Colleague: 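Dumping the structure here so I can ask a few things about it.
Just so we're on the same page: letters track the sequence lines, and every chain starts at 1. As the structure is a prediction and not an experimental result, all values here were calculated from the model.
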Amino acid sequence: MSVPRVRIAPSPTGPLHIGTARTALFNYLYARRTGGTFVLRLEDTDVARSTVGFEADILELLHWLGIAWDEGPDSAGGEDRGPYAPYRQMQRLERYAVAAKELLAKDLVYPCYCTPEELDADRKAQEAAHLPPRYVGRCANLTPEERAAKVADGRRGALRFRVPAEKVRFHDEVRGDVEIDTANIGGDFVVVRGDGTPLYHFTVVVDDAEMAMTHIIRGEDHLSNTPKHILLFHALGHALPKFAHLPLILNPDRTKMSKRKSQTAIADYRAQGYLPEAMVNFLALLGWSTGTEEEILSLDELAGRFDLEHVQKGGAVFDKVRLEWLNGQWIRKLSTDDLIARLQPFLEADRDAGRIDHVPTAEELRPLVPIIQERLPTLGSVGELIGFLWQDRVTVDAAMLVPKRWDAATTLEALRAARDSIAETTGAVTFEADELEPPMRALAESRGWKAGDLFMAIRVAVTGRTATPPLFDSLVALGRERVLERLDAAITTLERSEVSA
RNA sequence: GCCCCCAUCGUCUAGAGGCCUAGGACGCCACCCUUUCAAGGUGGAGAUCAGGGGUUCGAAUCCCCUUGGGGGUACCA
């Protein structure tokens with residue numbers, strides 16, 4: 001067989017969805033593994049719901065994930081690239097019209113003048129009679145006179161495909177042989193709306209045929225629709241591509257992943273600080289495995305291993321906890337400069353949201369990388385981790401300042417002693433972690449305190465939180481002046497609560 | 001309702017008749033490391049392979065049934 005051609009065909013009716021991204025990824029990986037061509041086509045025939053904003057979101061986030069396509073539009077409203085242009089269905093309308101005309105001429109398709117009300121009544125009647133819903137065929141055998149009468153009556157016909165009575169059999173690359181009786185697909189289905197715009201099942205086949213797709217790799221939700229597509233391929237006189245239906249990505253309750261129950265927009269994951277490397281790695285392993293025990297894999301490594309044989313048949317629950325773990329793995333692999341660069345937008349967002357008062361420079365950030373890199377589950381958690389460094393002041397209440405095993409009086413005494421020690425024994429110039437720690441340990445020992453308790457009191461006083469990166473590194477990052485200021489403020493807070501108590 | 005698909009630890013999965021008294025990873029628990037939090041290390045609990053019948057010397061792996069779950073059933077995609 002010739003070079004494989006595969007595609008992703010998103011509808012710009014919503015932001016890039018986890019499921020779409022996963023399907024795009026599998027197609028991309030398949031193309032790269034086989035030396036094939038990966039095409040992106042925009043299915044924008046649902047004019048009422050399609051927007052350029054969604055188109056922009058989809059294209060941009062696929063780029064962000066590193067999923068590159070060989071043919072199709074590169075950007076929203078941008079020009080198409082590739083020999084089968086255009087790749088937006090609304091710009092391919094004549095082609096569908098030509099195909100429809102051809103089918104009409106062969107009587108493979110016929111005009112249907114049924115009104116929505118009639119159709120609705122049919123459906124209700126069938127439901128009441130416990131019959132499966134299907135088009136009753138009212139317009140299937142209209143005479144030319146009857147048609148003319150309908151038209152004269154002002155009715156605009158939709159085009160319906162004549163579904164032949166047969167069993168459609170096909171081989172699915174992941175599921176094996178599938179057989180569906182056309183008696184069960186709902187009767188003659190509409191292919192072109194009354195207003196002349198084509199419908200999904202029609203456009204997808206016309207385009208897949210014209211664009212010479214060799215493999216249709218898509219979600220399992222299309223498995224039941226495949227007979228319609230096969231019938232259409234035959235009607236159009238085109239050879240069948242191979243089909244591969246991927247297992248669905250599921251909500252925790254095992255229903256098809258949805259916006260209602262899960263976070264489905266890729267943009268939201270990016271905004272929270274998930275790395276594209278982690279998203280891709282995670283998505284690839286939802287419904288596919290290498291067959292080995294490898295699991296931390298880059299896009300290139302995935303492309304070198306991907307195959308349809310190891311695609312799972314059953315649906316896969318989207319486990320966000322596992323994603324977070326993988327994200328941590330990828331964050332730890334980043335170079336210092338790379339991490340700093342990727343953190344920047346998140347720090348700016350923290351500043352814009354008022355969570356920090358100013359954004360550190362790359363040089364301020366650099367010495368912190370060793371102590372934060374292994375503590376970041378996501379890039380977005382940086383503010384939560386070390387935001388106290390760029391807040392003008394931290395607020396702590398007296399209760400929080402007192403370590404578990406201590407009382408307020410001890411804490412006050414300890415903070416005063418620590419403050420004095422830092423003020424007296426360390427200079428601004430040599431304010432280093434190595435120099436800060438010994439006097440504090442000595443202090444704890446001389447008073448019979450556990451070093452950990454002393455450290456905790458200082459930690460809370462200076463950062464406003466009980467969980468932070470190592471204390472002395474935090475003090476160094478804060479600088480002598482601010483450490484003393486914050487210790488003073490904490491001491492004052494404690495003194496006041498002593499008085500009122 | 002009807003049609004189709006699916007079914008291994010809570011989750012993602014390895015497994016294509018004997019290598020499985022079912023392996024790995026996430027999560028969980030314990031311990032180690034340790035100033036907190038992480039990260040890391042070690043160990044542990046966790047699946048009678050949905051259930052029942054076959055086939056076979058032998059089945060998680062093949063067949064059938066049952067049950068459960070999911071998807072599809074639009075002039076949406």
Side-chain angles (χ1 to χ4, degrees), chain A residues 9-14 43-46 48-50 112 114-116 119 123 126-127 129-135 156-160 172 175 178-181 183-186 189-195 197-201 203-204 219-227 245 247-248 250 252-256 282 285-296 309-310 312-326 328 332 371-377 385 403 437 440-441 444 450-456 458-460 463 465-472 474:
Chain A
S11 280
T13 53
E43 312 222 318
D44 52 359
T45 55
D46 187 348
R49 294 194 297 147
S50 297
C112 167
C114 295
T115 62
L119 263 14
R123 211 168 294 126
Q126 287 160 343
E127 197 177 323
H130 295 290
L131 290 167
R134 63 177 290 132
Y135 179 59
R156 304 202 343 206
L159 255 30
R160 278 186 191 274
D172 188 278
R175 275 144 228 283
V178 179
E179 175 184 300
I180 296 176
D181 193 320
N184 297 313
I185 64 176
F189 57 92
V190 176
V191 120
V192 178
R193 292 185 180 92
D195 68 3
T197 57
L199 250 22
Y200 169 76
H201 294 306
T203 58
V204 79
E220 191 195 338
D221 44 354
H222 283 299
L223 190 61
S224 308
N225 292 327
T226 303
H245 288 93
L248 260 21
L250 276 22
D253 66 3
R254 303 202 77 87
T255 53
K256 182 164 108 170
F282 179 70
L285 264 20
L286 271 188
W288 176 77
S289 73
T290 60
T292 69
E293 284 172 5
E294 301 175 292
E295 51 186 358
I296 308 292
E309 291 75 62
H310 286 90
Q312 198 84 11
K313 293 193 188 77
V317 172
F318 187 97
D319 180 2
K320 202 172 174 185
V321 175
R322 188 174 162 83
L323 201 213
E324 196 163 287
W325 168 77
L326 252 181
R332 271 161 240 140
I371 63 170
I372 63 171
Q373 191 156 23
E374 66 206 28
R375 280 170 238 270
L376 290 172
L385 219 206
E437 187 167 349
M440 283 307 123
R441 288 196 181 277
K450 294 195 75 171
D453 291 331
L454 207 215
F455 294 176
M456 182 54 83
I458 299 174
R459 166 179 293 111
V460 175
T463 68
R465 38 190 91 214
T466 54
T468 69
L471 178 62
F472 298 103
S474 300

Colleague: Going 5' to 3' along nucleotides 41-48 of chain B, which nucleotides have protein heavy atoms under 4.0 Å from the base (write B), which only from the sugar-phosphate (write S), and which from neither (write -)?
Modeller: --------

Colleague: Using modelled atom types and a 3.5 Å cut-off, is there a donor and acceptor pairing between side-chain atoms of S50(A) and backbone atoms of T13(A)?
Modeller: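 Pair absent, no side-chain N/O of S50(A) close to backbone of T13(A).
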
Colleague: Using the C1' atom on both, measure U13(B) against A60(B) and round to a whole Å.
Modeller: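 Those two atoms are separated by 14 Å.
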
Colleague: With a non-hydrogen cut-off below 4.0 angstrom, is G287(A) in contact with a base, only sugar-phosphate, or nothing?
Modeller: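 Sugar-phosphate only.
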
Colleague: When you check every protein heavy atom under 4.0 Å of nucleotides 68-77 of chain B, what one-letter string (B, S, -) results, 5' to 3'?
Modeller: --SBS--BBB

Colleague: Quick test of your reading of the model: are D46(A) and R49(A) salt-bridged, counting only N-O distances below 4.0 Å?
Modeller: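 Salt bridge between D46(A) and R49(A), a charged N being under 4.0 Å from a carboxylate O: yes.
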
Colleague: Mind checking the P distance from U66(B) to C3(B)? Whole angstroms is fine.
Modeller: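 That atom pair is separated by 12 Å.
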
Colleague: Using the P atom in both, what is the distance from U35(B) to C28(B), to the nearest Å?
Modeller: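 Looking at atom P only, U35(B) and C28(B) are 23 Å apart.
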
Colleague: Check the pair R156(A), D195(A) against salt bridge (charged side-chain N to carboxylate O under 4.0 Å, His left out), reporting the backbone distance first and the verdict last.
Modeller: CA-CA 7 Å; R156(A) 304 202 343 206; D195(A) 68 3; 5.6 Å; no

Colleague: Please state the C1' separation for the pair U36(B) and G43(B) - nearest whole angstrom.
Modeller: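 Nearest-Å result for U36(B) against G43(B) at atom C1': 25 Å.
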
Colleague: Rounded to the nearest 0.5 Å, what separation is found between the CG atom of L159(A) and the SG atom of C112(A)?
Modeller: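 So the gap between those two atoms works out to 9.5 Å.
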
Colleague: Using atom CZ of R465(A) as one end and atom C1' of A38(B) as the other, report the distance to the nearest whole Å.
Modeller: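 Nearest whole value for this atom pair: 14 Å.
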
Colleague: With RNA chain B as reference, determine whether D181(A) or R332(A) sits nearer its 5' end, using the nearest nucleotide of each.
Modeller: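 It is D181(A), whose closest nucleotide lies nearer the 5' terminus.
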
Colleague: Write down the distance separating the C1' atoms in C9(B) and C49(B), rounded off to the nearest Å.
Modeller: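 So the two C1' atoms sit 10 Å from each other.
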
Colleague: Does the side chain of T463(A) pick up a donor-acceptor pair with the side chain of R459(A) at under 3.5 Å?
Modeller: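 R459(A) and T463(A) do not have a side-chain donor-acceptor pair below 3.5 Å.
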
Colleague: Return the CZ to NZ distance between F282(A) and K320(A), rounded to the nearest 0.5 Å.
Modeller: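 Interatomic distance, F282(A) CZ to K320(A) NZ, rounded to 0.5 Å: 10.5 Å.
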
Colleague: U67(B) pairs with which nucleotide, Watson-Crick or G-U wobble, both distances below 3.5 Å?
Modeller: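 The answer is A7(B), by the H-bond criterion.
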
Colleague: Where along nucleotides 24-37 of chain B does protein come under 4.0 Å, by heavy atom, of base (B) or sugar-phosphate alone (S), with - for untouched nucleotides?
Modeller: SBSS-------BBB

Colleague: Roughly how far apart, to the nearest Å, are A59(B) and G52(B) at atom C1'?
Modeller: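 It works out to 15 Å between them.
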
Colleague: State the pairing partner of C28(B); accept Watson-Crick or G-U wobble contacts with both distances under 3.5 Å, and report none otherwise.
Modeller: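 Partner of C28(B): G44(B).
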
Colleague: For U73(B), which nucleotide in any strand shown is its Watson-Crick or wobble partner with both distances under 3.5 Å?
Modeller: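 Partner of U73(B): G1(B).
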
Colleague: What is the minimum heavy-atom distance between P470(A) and R375(A), and which atoms define it?
Modeller: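 For P470(A) versus R375(A), the nearest heavy atoms are CD-NH2, 3.3 Å.
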
Colleague: Classify E179(A) by what it touches in the nucleic acid, base, sugar-phosphate, or nothing, heavy-atom distance under 4.0 Å.
Modeller: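 Since only primed, P, OP1 and OP2 atoms lie under 4.0 Å of E179(A), the category is sugar-phosphate.
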
Colleague: Whether K313(A) and E220(A) form a salt bridge (side-chain N of Lys/Arg under 4.0 Å from carboxylate O of Asp/Glu) is what I want to check.
Modeller: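 Looking at E220(A) and K313(A), the cut-off is not met.
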
Colleague: What is the separation between atom CG on L285(A) and atom C1' on U11(B), rounded to the nearest whole Å?
Modeller: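 One finds 13 Å between C1' of U11(B) and CG of L285(A), rounded.
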
Colleague: Are Y135(A) and C114(A) side-chain neighbours, meaning at least one heavy-atom pair lies under 4.5 Å?
Modeller: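 Side-chain contact under 4.5 Å: yes.
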
Colleague: Mind calculating the distance between CD (Q312(A)) and P (C5(B)) to the nearest angstrom?
Modeller: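 Going from Q312(A) (CD) to C5(B) (P), I get 17 Å.
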
Colleague: Within this structure, what is the NE2-NE2 distance for the pair H245(A) and H222(A), rounded to the nearest 0.5 Å?
Modeller: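 With rounding to 0.5 Å, NE2 (H245(A)) is 7.5 Å from NE2 (H222(A)).
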
Colleague: Please determine, by modelled atom types, if T290(A) and T292(A) share a side-chain donor-acceptor pair under 3.5 angstrom.
Modeller: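 Note: T290(A) and T292(A) side chains meet the donor-acceptor criterion.
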
Colleague: In whole angstrom, what separates E309(A)'s CD from G15(B)'s P?
Modeller: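 In whole Å, G15(B) P and E309(A) CD are 11 Å from each other.
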
Colleague: What's the gap between U61(B) and G15(B) when it is taken at their P atoms, as a whole Å value?
Modeller: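 Their P atoms lie roughly 15 Å apart.
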
Colleague: In the structure shown, which nucleotide is the Watson-Crick or G-U wobble counterpart of A16(B), with both distances under 3.5 Å?
Modeller: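 With both distances under 3.5 Å required, A16(B) matches none.
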
Colleague: Is it true that R123(A) and E127(A) have a side-chain N and a carboxylate O under 4.0 angstrom from each other?
Modeller: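 So R123(A) does not pair with E127(A) through a salt bridge.
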
Colleague: Could you tell me how far apart H310(A) (NE2) and C12(B) (P) are, to the nearest whole angstrom?
Modeller: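 Result: 18 Å.
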
Colleague: Is there a side-chain contact between D221(A) and L248(A), using heavy atoms and a 4.5 Å cut-off?
Modeller: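 D221(A) vs L248(A): side chains touch.
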
Colleague: Using atom C1' of each nucleotide, how far apart are G68(B) and A30(B) to the nearest Å?
Modeller: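 Roughly 36 Å separates the two C1' atoms.
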
